[in-house]
Undergrad: 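Sharing a structure with you now.
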Amino acid sequence: MDSHFSNNNVLTAQISSLLHDGQKERASTLIERIPQEELRSYWEACLFFYENSYHKAAQHFKAASQLGFSSPLKHLQQQLQNNNEEKDFLKLLEHIEASDDISPHLIELKAMSLIQLHHLEEAETLIRRSLKTGKSSYLFQSVLVRILCEEGAFGEAIYLLNKMRQELPLNWEILNNLACIYNNIGKMEVALTLYGHAIPLAPQEAQLRLNHSIALLKSGRFSQGWQEHEWRLKLPFHSNLPRKKILPTLLPGQSLAHKKVLVTQEEGLGDGLMYARYLPLLAQTGAIIHVWGSDQLASLIERIEGVSVSQVGGTCPPYDYHCPFISLPRALSLYPSMPFNISTPYLTLSSKKKNYWQKKLHSVPKHKLRVGLVWAGGIHKDDRASRLLDYHRSIDLKTLKPFFGDPLIQFFSLQKGERACQQAEFSDHIIDYMSECETMEDTAAFIEALDIVITVDTSIVHLAGALGKETFLMDRFCNCWRWGFNQSQTPWYPSVKIYRQPYFNDWPSVVNLISAVLTKKALDKALS
């Protein structure tokens with residue numbers, strides 16, 4: 001069925017966008033143009049779903065399946081963009097359950113949406129009850145492992161996976177899931193050993209190899225990790241540019257004189273900021289560097305040494321090689337002292353913007369500690385996995401209440417997006433100028449005028465770190481590979497100090513530690 005989507009990718013992308021935007025009549029017109037009956041039936045089902053016509057939607061999903069569309073409901077579930085759509089999907093499943101036999105597949109779909117909504121107790125009850133039937137034991141056990149990990153019950157998840165492994169010793173997915181858990185809790189050698197057993201069983205599985213690369217990077221095995229990380233390019237939505245023209249791994253001293261290298265934005269803004277450090281090193285090869293990336297980063301990127309062009313939008317320019325930002329350390333991995341041979345700060349700002357923010361904050365008394373605050377990550381509409389992760393990396397602003405009340409500290413919001421509205425309750429403690437920050441350079445100039453930045457793991461930690469600004473990272477227990485394990489410093493950004501949860505979802509401990517440090521820093525500044 002994927003071939004149908006790839007053959008109609010422009011058309012189906014347009015239909016999907018229109019449905020999510022509520023433009024159903026325009027979507028219906030485009031659906032009529034789809035030549036494949038099964039694909040057309042799928043999109044008609046989606047149209048009825050977004051109209052909340054669940055009976056008609058169910059009929060068309062069933063028809064699409066009978067015509068050869070594999071798992072149409074699962075495909076829809078993967079396209080859901082927010083919690084309201086997840087709730088509507090559960091209503092659709094309830095309608096189908098009322099009219100058909102309840103299959104293990106429907107139970108799995110229901111549990112996965114409950115997990116996405118973080119209704120974990122309800123999901124666990126559903127799956128444990130289903131396990132008692134004795135049907136689809138492997139499927140339900142796998143879903144239960146996911147629920148247990150979301151709850152932080154890692155010991156029980158490991159126990160269950162080891163039981164599954166005894167029954168299916170050659171199942172690479174079980175080994176992969178075990179390794180992921182050990183990676184998340186910082187047991188790196190155990191994780192890498194498990195990947196060593198799993199990879200010979202499925203050496204071409206891109207997701208397995210990508211997961212292996214993350215464990216290598218988290219454990220500091222960078223050279224091997226960068227090479228293995230290239231497997232991500234075999235997954236959907238990473239790059240449509242030809243693999244044969246990707247920038248190869250360069251030898252020290254190798255010349256790229258007069259060669260045009262197109263560097264492209266691949267994932268989030270944080271990745272672009274983190275890997276932009278390698279552009280000057282690439283420029284030393286003589287390459288003509290053309291960056292094709294985000295409008296948010298363009299003005300910062302164009303100031304980096306060696307960048308010839310910083311393009312936003314438009315058509316793909318001519319190039320000799322292309323290289324996603326995330327592949328830059330792999331391409332340069334043979335250079336001595338990689339990956340930390342780039343010192344910070346490596347971003348520069350316009351004097352005009354720096355002066356503006358210095359004057360803007362001039363009204364704050366000089367003796368007060370100026371602290372920028374980010375408490376939540378961005379909501380990724382097109383990535384369910386990232387939305388689920390956001391439950392663990394983001395903090396409700398109320399949890400940070402111990403920060404507020406010290407008369408020697410002035411907090412400034414650096415928060416963007418839906419969660420910014422939470423600060424209304426704390427308007428006496430937080431000043432919000434973020435409406436004036438249209439690009440990352442605006443935010444960077446704002447950060448330059450502050451003393452400290454406190455942030456969860458989002459693009460701001462990369463921006464502040466790249467500027468060399470003192471930064472406190474409030475890090476989750478199952479943290480990103482970039483921040484290592486069992487450490488409070490990161491060689492990526494020497495100015496960043498990591499405050500990691502000692503236990504799963506234990507934000508109060510992190511907040512209390514930082515609160516004590518802030519109090520001392522504020523007093524030191526007032527007395528200086």
Side-chain angles (χ1 to χ4, degrees), residues 263 265 268-284 289-313 325 328 340-364 366 368-374 378 410-417 420 431-455 457-473 482 490 492-497 525:
V263 179
Q265 185 79 27
L269 296 177
D271 293 300
L273 289 164
M274 178 176 176
Y275 297 114
R277 69 182 66 216
Y278 297 114
L279 292 172
L281 188 57
L282 179 61
Q284 290 176 22
I289 300 175
H290 186 129
V291 178
W292 190 18
S294 163
D295 59 342
Q296 283 288 307
L297 299 182
S299 60
L300 287 172
I301 296 296
E302 67 187 8
R303 285 193 174 82
I304 293 178
E305 180 185 355
V307 174
S308 297
V309 179
S310 181
Q311 176 183 336
V312 175
F325 267 115
L328 283 172
F340 305 122
N341 57 350
I342 309 297
S343 61
T344 57
Y346 55 83
L347 296 178
T348 58
L349 311 174
S350 74
S351 298
K352 181 179 179 181
K353 290 190 176 184
K354 288 174 67 173
N355 291 336
Y356 173 82
W357 283 103
Q358 290 290 347
K359 292 178 181 177
K360 184 83 174 178
L361 272 59
H362 187 71
S363 60
V364 177
K366 290 185 178 181
K368 282 195 172 189
L369 193 71
R370 300 172 177 181
V371 180
L373 197 58
V374 181
Q410 179 59 65
F411 287 95
F412 295 87
S413 173
L414 295 173
Q415 183 69 50
K416 285 274 196 179
I431 296 174
D432 181 14
Y433 292 140
M434 287 305 287
S435 61
E436 298 184 43
C437 294
E438 296 181 357
T439 69
M440 274 292 190
E441 188 184 9
D442 296 326
T443 306
F446 186 1
I447 287 172
E448 282 277 70
L450 302 173
D451 296 310
I452 297 174
V453 170
I454 301 175
T455 178
D457 185 6
T458 186
S459 58
I460 293 298
V461 70
H462 296 281
L463 182 61
L467 293 167
K469 177 64 63 177
E470 183 174 11
T471 302
F472 296 164
L473 169 61
R482 292 168 177 82
T490 169
W492 298 107
Y493 305 110
S495 63
V496 172
K497 185 169 183 180
K525 182 177 182 181

Undergrad: Could you go through T443 and M434, starting from their C-alpha distance and side-chain angles, then the distance that decides it, and tell me whether this counts as side chain to side chain contact (heavy atoms under 4.5 Å, CB included)?
TA: CA-CA 8 Å; T443 306; M434 287 305 287; 3.9 Å; yes
Undergrad: Given side chains that start at C-beta, do those of Q296 and S459 come closer than 4.5 Å, heavy atoms only?
TA: no
Undergrad: Which heavy atom of Q265 sits nearest a heavy atom of L297, and at what distance?
TA: OE1-CD1, 3.8 Å
Undergrad: For V364, give me all partners under side chain to side chain contact (heavy atoms under 4.5 Å, CB included), at least two apart in sequence or on another chain.
TA: K368, R370, Q410, F412
Undergrad: Could you list all the salt bridge (Lys or Arg N to Asp or Glu O under 4.0 Å) pairs where at least one residue sits in residues 462-471, not counting sequence neighbours?
TA: E470-K521
Undergrad: Ring pair (Phe, Tyr, Trp, His ring centres under 6.0 Å) with W357: which residues, sequence neighbours excluded?
TA: F446
Undergrad: For E305, is the CD atom crowded, meaning more than 12 foreign heavy atoms sit under 6.0 Å from it?
TA: no
Undergrad: Give, for atom OH of Y433 and atom CG of L361, the distance between the pair rounded to the nearest 0.5 Å.
TA: 6.0 Å
Undergrad: Any side-chain to backbone donor/acceptor pair from Q358 onto K360? Under 3.5 Å, distance only.
TA: no
Undergrad: Is the closest side-chain heavy-atom distance between L269 and T458 below 4.5 Å?
TA: no
Undergrad: With rounding to the nearest 0.5 angstrom, report the OG1 to CD distance, T348 to E448.
TA: 10.0 Å
Undergrad: L414 and side chain to side chain contact (heavy atoms under 4.5 Å, CB included): which partner among L450, L373, I454?
TA: L450
Undergrad: Counting only N and O atoms by type, is there a donor-acceptor contact under 3.5 Å from the side chain of S310 to the main-chain atoms of A298?
TA: yes
Undergrad: Would you say T471 and I447 make side-chain contact, with heavy atoms under 4.5 Å?
TA: no
Undergrad: If the condition is side chain to side chain contact (heavy atoms under 4.5 Å, CB included), which residues does A283 pass it with, not counting sequence neighbours?
TA: I289
Undergrad: Restricting to ring pair (Phe, Tyr, Trp, His ring centres under 6.0 Å), what partner residues turn up for Y275, sequence neighbours left out?
TA: none
Undergrad: Under the rule for side chain to side chain donor-acceptor pair (under 3.5 Å), what residues qualify as partners of T439, not counting sequence neighbours?
TA: D442
Undergrad: Show, in sequence, the C-alpha distance, side-chain angles and deciding distance for L300 and L273, and conclude whether the side chain to side chain contact (heavy atoms under 4.5 Å, CB included) test is met.
TA: CA-CA 9 Å; L300 287 172; L273 289 164; 4.2 Å; yes
Undergrad: So do V371 and D451 actually touch side chain to side chain, heavy atoms under 4.5 Å?
TA: no
Undergrad: Which heavy-atom pair separates G468 from P345 by the least distance, and what is that distance?
TA: N-CB, 4.0 Å
Undergrad: Tell me, please, which residues at least two apart from Y493 pass ring pair (Phe, Tyr, Trp, His ring centres under 6.0 Å).
TA: H462
Undergrad: Taking salt bridge (charged side-chain N to carboxylate O under 4.0 Å, His left out) as the test, write out the residues that go with E302, two or more places apart.
TA: none
Undergrad: For the residue pair A276 and P280, what are the closest heavy atoms and their distance?
TA: O-CD, 3.8 Å
Undergrad: Are the side chains of V453 and L463 in touch, meaning some heavy atoms are under 4.5 Å apart?
TA: no
Undergrad: Just by distance, do the side chain of W292 and the backbone of G313 share a donor-acceptor pair under 3.5 Å?
TA: yes
Undergrad: Looking at residues at least two apart in the chain, or sitting in another chain, which of them share a salt bridge (charged side-chain N to carboxylate O under 4.0 Å, His left out) with R482?
TA: D271
Undergrad: Please list, chain by chain and in numerical order, all residues satisfying side chain to side chain contact (heavy atoms under 4.5 Å, CB included) with S350, sequence neighbours excluded.
TA: R303, K352, K353, E441
Undergrad: Could I get the full list of salt bridge (charged side-chain N to carboxylate O under 4.0 Å, His left out) partners for D432, not counting sequence neighbours?
TA: none
Undergrad: Once salt bridge (charged side-chain N to carboxylate O under 4.0 Å, His left out) is applied, do any residues pair with E438, and if so which ones, sequence neighbours excluded?
TA: none
Undergrad: Do L282 and V263 pass the side chain to side chain contact (heavy atoms under 4.5 Å, CB included) test, and can you show the C-alpha distance, the side-chain angles, and the key distance before you say yes or no?
TA: CA-CA 10 Å; L282 179 61; V263 179; 4.2 Å; yes
Undergrad: Is there a side chain to side chain contact (heavy atoms under 4.5 Å, CB included) between F325 and V291 once you walk through the steps?
TA: CA-CA 9 Å; F325 267 115; V291 178; 3.9 Å; yes
